[in-house]
There are 2 protein chains.
Amino acid sequence: MDKQHSQCPVEFTVNMVGGKYKLVILYQLAIHGVRRFNELRRELSNITPRTLTRQLRELESDGLINRQVYSEIPPKVEYSLSETGKSLYSLLLQFEKWGLNYMANNPK
Amino acid sequence: MDKQHSQCPVEFTVNMVGGKYKLVILYQLAIHGVRRFNELRRELSNITPRTLTRQLRELESDGLINRQVYSEIPPKVEYSLSETGKSLYSLLLQFEKWGLNYMANNPK
DNA sequence: ATATATACTATCCTTTAGGATACCTTAAAG
DNA sequence: CTTTAAGGTATCCTAAAGGATAGTATATAT
C-alpha cells in the first residue's frame with residue numbers, strides 16, 4: 001500500500017483507515033470498547049468472514065487495534081482499540097457527526 | 001453505491017468521501033479555495049486525467065464541490081467547495097492533524 | 001449420536017477502482 | 001504552419017477489494 005511514501009498527511013491517514021469497512025470497525029470498537037468477531041460481523045451486516053478477518057488483520061498490523069485471544073473452546077477473541085487507535089477518536093466522531101447532520105438535512 | 005441505504009452515519013460518510021483521492025481533493029480545495037483541473041493533477045501526482053475527472057464528477061453530483069466553467073479558449077474550469085463541502089472542514093483538519101501527529105511520532 | 005457455538009481458513013469468482021495511452025478542440029503565440 | 005495550452009474523452013487493461021460458499025477444530029449441551 002506504500003504507506004511510507006505519502007508526503008501529504010491527509011493521504012497518509014486515508015491510507016491507514018481507508019476502505020469500505022475500517023472506519024466502521026474502529027467506530028464500533030470506540031463505542032463498545034471491546035468486540036468479538038461475530039459481534040462485529042452482525043454489526044457490519046454485509047461483511048463476509050473472509051473480508052472481516054482481513055480488515056482486522058490489517059488494522060492490527062498497522063497498530064490501530066489489539067487482538068486478545070483466550071485459550072478456550074469454543075474460541076474467544078476480543079478486539080479493542082490500541083492507544084494509537086484511540087487517537088482516532090475525534091476523527092471518528094467527526095464522521096458520525098457529519099453523517100448524522102447530512103442525513104437530518106437531506107431526509108429520506 | 002447505495003448511499004441512501006446506509007443506516008450507520010459513519011458508513012454513510014465513508015460512502016460520500018471514501019476512495020483513494022476524494023479527501024485529498026477536498027483538502028486541496030479547502031486549503032486553496034479554488035483549484036483548476038491541472039493544478040489538482042499536479043498536486044495529486046499520480047492521478048490520471050480519467051480518474052481525476054471521475055472523482056470530480058462524483059464529488060459534484062454528490063453536491064460537495066462546485067464546477068465553474070468559463071467560456072474561454074483555452075478552457076478554464078474552476079473547482080471549489082460547495083457549502084456542503086465546506087461543512088467537511090473540521091473532518092479534513094482531523095485527517096491532516098492525525099497524519100501529521102502519526103508521522104511525527106513514527107519518523108522515517 | 002447430533003447439534004451448536006466460535007473464530008476462523010480455503011478456494012474460487014465478480015466487481016470496482018484505477019492506470020496507460022492516445023486523441024480532441026480552438027485560439028493565440030512563435 | 002507548428003507548438004502550446006487547458007480540460008477534458010475514448011478505449012483498453014490490470015490490480016485490488018470484496019463476495020459466496022464450504023469446511024475445520026473442539027468442547028459442551030441435548
Side-chain angles (χ1 to χ4, degrees), chain A residues 1-3 5-6 8 10-11 14-26 28-29 32 34-62 64-80, chain B residues 1-3 5-6 8 10-11 14-26 28-29 32 34-62 64-80:
Chain A
M1 228 189 238
D2 215 20
K3 280 166 193 165
H5 300 297
S6 305
C8 167
V10 172
E11 185 185 342
V14 168
N15 286 341
M16 290 285 277
V17 300
K20 191 171 170 182
Y21 296 112
K22 281 184 183 171
L23 282 171
V24 182
I25 293 170
L26 293 166
Q28 292 298 326
L29 296 181
H32 294 108
V34 165
R35 291 270 98 171
R36 297 177 65 176
F37 187 87
N38 280 332
E39 288 174 328
L40 290 170
R41 231 183 124 177
R42 282 176 218 116
E43 282 150 4
L44 287 72
S45 44
N46 289 323
I47 203 168
T48 60
R50 175 180 183 273
T51 300
L52 180 54
T53 298
R54 300 215 307 183
Q55 301 295 307
L56 290 169
R57 293 288 187 278
E58 286 184 23
L59 289 168
E60 191 194 359
S61 77
D62 284 335
L64 298 178
I65 65 172
N66 298 129
R67 180 170 183 267
Q68 167 85 5
V69 183
Y70 296 87
S71 294
E72 299 177 6
I73 300 255
K76 178 177 177 181
V77 179
E78 288 182 343
Y79 295 93
S80 57
Chain B
M1 228 189 233
D2 214 19
K3 281 166 192 163
H5 300 297
S6 303
C8 167
V10 173
E11 186 184 340
V14 168
N15 286 341
M16 291 284 277
V17 300
K20 190 170 170 182
Y21 295 112
K22 281 185 182 169
L23 282 171
V24 181
I25 293 169
L26 293 166
Q28 292 297 327
L29 297 181
H32 295 107
V34 165
R35 290 272 98 173
R36 297 178 65 175
F37 189 86
N38 280 332
E39 288 174 329
L40 290 170
R41 231 183 126 177
R42 282 176 218 116
E43 282 149 5
L44 287 72
S45 44
N46 289 321
I47 203 168
T48 59
R50 175 182 182 272
T51 300
L52 180 54
T53 297
R54 302 214 306 181
Q55 301 295 307
L56 290 169
R57 292 287 187 280
E58 287 183 22
L59 289 168
E60 190 193 1
S61 76
D62 283 334
L64 298 179
I65 66 172
N66 297 131
R67 180 170 184 267
Q68 167 85 4
V69 183
Y70 297 86
S71 293
E72 299 176 5
I73 299 256
K76 177 175 176 181
V77 180
E78 288 182 342
Y79 296 93
S80 57

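None of the values given here were measured: they were computed from a predicted structure. To find a chain, count down the sequence lines: A is the first, B the second, and so on, and within it residues start at 1.
- Results of the side chain to side chain contact (heavy atoms under 4.5 Å, CB included) test with A/Y79 over A/L59, A/L56, A/V34 single out A/L56 as the only residue that passes.
- No side-chain heavy atom of A/F37 sits under 4.5 Å from any side-chain heavy atom of A/V77.
- Inter-residue side-chain proximity for B/T51 and B/Q55 is flagged as met; some heavy-atom pair is nearer than 4.5 Å.
- Rounded to an integer number of Å, the gap from CG of B/N15 to P of D/dA17 is 17 Å.
- A 4.5 Å side-chain heavy-atom check between A/R57 and A/R67 finds at least one atom pair inside the cut-off.
- Note: CD (A/E72) to C1' (C/dT4) measures 16 Å, nearest angstrom.
- Taking atom CD of A/E60 as the reference point, atom C1' of C/dC8 lies 14 Å away to the nearest angstrom.
- A 4.5 Å side-chain heavy-atom check between A/E39 and A/H32 finds every atom pair outside the cut-off.
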Original post:
How does protein contact run along nucleotides 18-23 of chain C, one letter per nucleotide 5' to 3', with B for base contact, S for sugar-phosphate only, - for none, heavy atoms under 4.0 Å?
Top reply: BBB---
Identify each atom pair where a protein N or O and an N or O of nucleotides 4-7 of chain D are less than 3.5 Å apart, giving names and distance.
from  : atom 1 : to    : atom 2 : distance (Å)
D/dA6 : O3'    : B/R36 : NH2    : 3.0
D/dA6 : O3'    : B/P75 : O      : 2.8
D/dG7 : OP1    : B/R36 : NE     : 2.8
D/dG7 : OP1    : B/R36 : NH2    : 3.1
D/dG7 : OP1    : B/V77 : N      : 3.0
D/dG7 : OP1    : B/V77 : O      : 3.4
D/dG7 : OP2    : B/N38 : N      : 3.4

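- Put simply, the side chain of B/R41 reaches to within 4.5 Å of the side chain of B/N38, judged on heavy atoms.
- Between the CG atom of A/L52 and the C1' atom of D/dT21 there is a distance of 17 Å, rounded to whole Å.
- No side-chain heavy atom of A/I65 sits under 4.5 Å from any side-chain heavy atom of A/I25.
- Distance, B/L23 CG to C/dA17 C1': 16 Å, rounded to whole Å.
- Considering only residues two or more places apart in sequence or on other chains, B/R54 meets the side chain to side chain donor-acceptor pair (under 3.5 Å) condition with none of them.
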